[in-house]
Protein chains: 2
Amino acid sequence: MKKVTINSVASHAGVSKKTVSRVLNNEPNVSVATREKVLAVFKELDYTPNPIARGLAQNRSFIIGCLYDNPSKSYITRVQTGALAACQENNYNLLIHPCEFRGEALINNIEQLLQTSRLDGIVLTPPFGDFAELVNFLKSKKIPYARVASAILEDDSISVRSNDEQGAFEVTEHLISLGHKSIAFIKGHPDHSATQQRFKGYRRSLASHGIEFNERLVEEGNFSYHSGVDSARSILDLSPRPTAVFASNDYMAAAVLKLATQRQLRVPDDISIAGFDNAPIARHIWPGLTTIAQPVEEMTKQAVTQLISHIAQPQDEPFQVILESRLITRESTAQVKK
Amino acid sequence: MKKVTINSVASHAGVSKKTVSRVLNNEPNVSVATREKVLAVFKELDYTPNPIARGLAQNRSFIIGCLYDNPSKSYITRVQTGALAACQENNYNLLIHPCEFRGEALINNIEQLLQTSRLDGIVLTPPFGDFAELVNFLKSKKIPYARVASAILEDDSISVRSNDEQGAFEVTEHLISLGHKSIAFIKGHPDHSATQQRFKGYRRSLASHGIEFNERLVEEGNFSYHSGVDSARSILDLSPRPTAVFASNDYMAAAVLKLATQRQLRVPDDISIAGFDNAPIARHIWPGLTTIAQPVEEMTKQAVTQLISHIAQPQDEPFQVILESRLITRESTAQVKK
DNA sequence: CCACATTATGACACCGGTGTCATGGTCAAA
DNA sequence: TTTGACCATGACACCGGTGTCATAATGTGG
């Protein structure tokens, strides 16, 4: 079983390599008869072009890098699923790059990644889309990039996100509609732009109902389960205890639930709990968590699709999309008790 | 800023391309003086060889494929972490390939993957290491592969796993030592060899204590949370109700916990629950789950490292390693009540 | 000191594609 | 009929490495 290359196809079809190449790339100036002859030989020999040779000739790798640093494994796999879908449709490969660096070290790490892997483009998942230093570096190196779920907007860039502010607003509205007035809030990681957005949504809802904002009800978390435990402790120790807790993601919400349960509090009778993200854990625990579902796969897929088309043919127009998220109510929130 | 290639290095150092290539690959027959001169130029120009050109010349892609199909996101990311670590150490890239096909369709899917991505090797994570059809296909195509966490052993293959049978034995021993005699068991997905192994460990422990095996206490799950809910329903409906449930993984155990809690049963006072895998959920819920921790990253890393070294220089000896797992006791298991 | 083995090095083809440019053929307008 | 535009095609260099083989330089034993 010999290897099938563009040369074997060319000699079988009785044309030159170049003509085969033209057919492969759908270039103009090939007669219909020739094109069909070549296509027939493709079928006959079961030919697939060698992406490595193609890459060498075009100085491309057909690889997109996906940068992430996220405590939520389910978020990571959702991002990967979306990115992979876009890559497969376009004959690209996806190189995953978990990365916990910040600042200077981050730039060095990415520089090395680019040197050794020759990526054609990079998808920045939270929080990397929010790091101006990194983005400027990519820009200076002329590496195409796309942002997923970042609130930062630039004039000429690719960005797909959902409306975190609005999502948080809706959760808070939901709690208020159940009669809650004392609603604690656990913030996310300060590096993530989503953290500010979700906090803003919470405050906007309070304000729109004339509920005074109380700083003592706000805790600083970092999206990890562990930080949720710490924040939960402070919140549950408050007196009077708030009647509801809104955590910026489901892991922290799950931590609140765990601690509350350990302390013999009944959820949602004694205290309501809401999260954000609709992570699997939100439905794997009892009671299930009220939360916001975002189309993470779809966001990433659109971002990567756009990134690849930008690589093939650079455009000047920005591509900025905001997808809808939706409130999912489960058992962890209920009418406040008198 | 011009591109730095082997040619620029060669002319700067005043030697031929081929000599530079020799230095790059640590080939013999280069004088010390020449080698040092070339290495100095590497530094000076900040040269990194182009893996694509290298791949074309050697007919390699420097890409390892990682095949998986697993409901547990945390397991997937752990596998990826280990595989990536091995790849990065060896200047390989990792191509992830989630894949839900079986049988004929699986073979076609993989054939296409190989055609388009030209993988140098494949890591088979559960359950793919257990599919003889797939393995035979890879063998016939002469694609190197490595198995992770599969109980299947062949004479000449690479396989790294932990001892599932022993792990399940230890969990059961633990329950029995707490006085449990009626221990329900939820099996995993029938395609996974771990499913058989864990079941065997459970039975061995029962037998070694003279506890009669009761088929009615065994439910068929598939490792998913959902299947755990179904199995839990049957088990909790039994009369008399077993005093302990051992689920083949933590997701199913979490489902048992959820259902038990919904039914006002106190865990572990009314019923003990144990899982397997030490997934994050095992410590994110209350009470935390007693379970078995396996070195998934380490297993995968060793498998991939070995795979890559096998690609560089094929060996005939098999590489078969079994790593230790360990019992982690948390709050979900306790002394049986009289 | 010569014959021969061994080491160090380079010239050149090659991997499998794409880009550039020349060439011959067709066709419409002058 | 001539001219020029345009289309279809191929020859050939090139991308940045590695493999093969020839050759010059050096070392070794008799």
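Excluded from the calculations below are hydrogen atoms, water molecules and symmetry mates; all remaining heavy atoms, backbone and side chain alike, are included. Chain naming here is simple, since letters A, B, ... match the order of the sequence lines and numbering starts at 1 in each.
In this structure a side-chain-to-backbone donor-acceptor pair under 3.5 Å is present from B/D120 to B/S61. Remark: the backbone N or O of A/P126 is not paired with any side-chain donor or acceptor of A/D130 at under 3.5 angstrom. Within the 3.5 Å criterion, the main-chain N or O of B/I152 finds a donor-acceptor partner in the side chain of B/S150. A donor-acceptor contact shorter than 3.5 Å links the side chain of A/S11 to the backbone of A/S8. A/S162 contributes no side-chain N or O that, together with a main-chain N or O of A/E324, makes up a donor-acceptor pair within less than 3.5 Å. Side-chain atoms of A/H192 do not come within 3.5 Å of backbone N or O of A/A194 as any donor-acceptor pair. Formation of a donor-acceptor pair under 3.5 Å by the B/T116 side chain with backbone atoms of B/Q112 is found in this model.
If you measure from atom CD of B/Q58 to atom P of D/dT20, you get 11 Å, rounded to the nearest angstrom. The nearest whole Å value for the distance from the CG atom in A/N7 to the C1' atom in D/dA11 is 13 Å. Here C/dG17 presents its C1' atom at 6 Å from CD1 of A/I6, a figure rounded to the nearest Å.
Side-chain nitrogen and oxygen atoms of A/S21 include at least one within less than 4.0 Å of the OP1 or OP2 phosphate oxygen of C/dT18. Look at B/K3 and you'll find a side-chain N or O under 4.0 angstrom from OP1 or OP2 of D/dG16. Considering only side-chain N and O atoms, B/T19 lies under 4.0 angstrom from the phosphate OP1 or OP2 of C/dG10.
In the interface, the side chain of B/K17 is paired with the base of D/dG17 through a donor and an acceptor atom under 3.5 Å apart. For A/R22 and C/dG19, a side-chain-to-base donor-acceptor distance below 3.5 Å is absent, hydrogens and geometry of angles not being considered.
Take the nearest nucleotide of DNA chain C for B/K18 and for B/L56: the residue whose nucleotide is more 5' is B/K18.
Scanning residues 27-53 of chain A for heavy-atom distances under 4.0 Å to DNA chain D yields A/N29, A/V30, A/S31, A/T34.
In this structure, B/V20 reaches neither bases nor backbone, as no heavy-atom distance under 4.0 Å exists between it and the strands shown.
You'll find that the side chain of B/S16 is closest to C/dG10, out of D/dG17, C/dG10, C/dG17.
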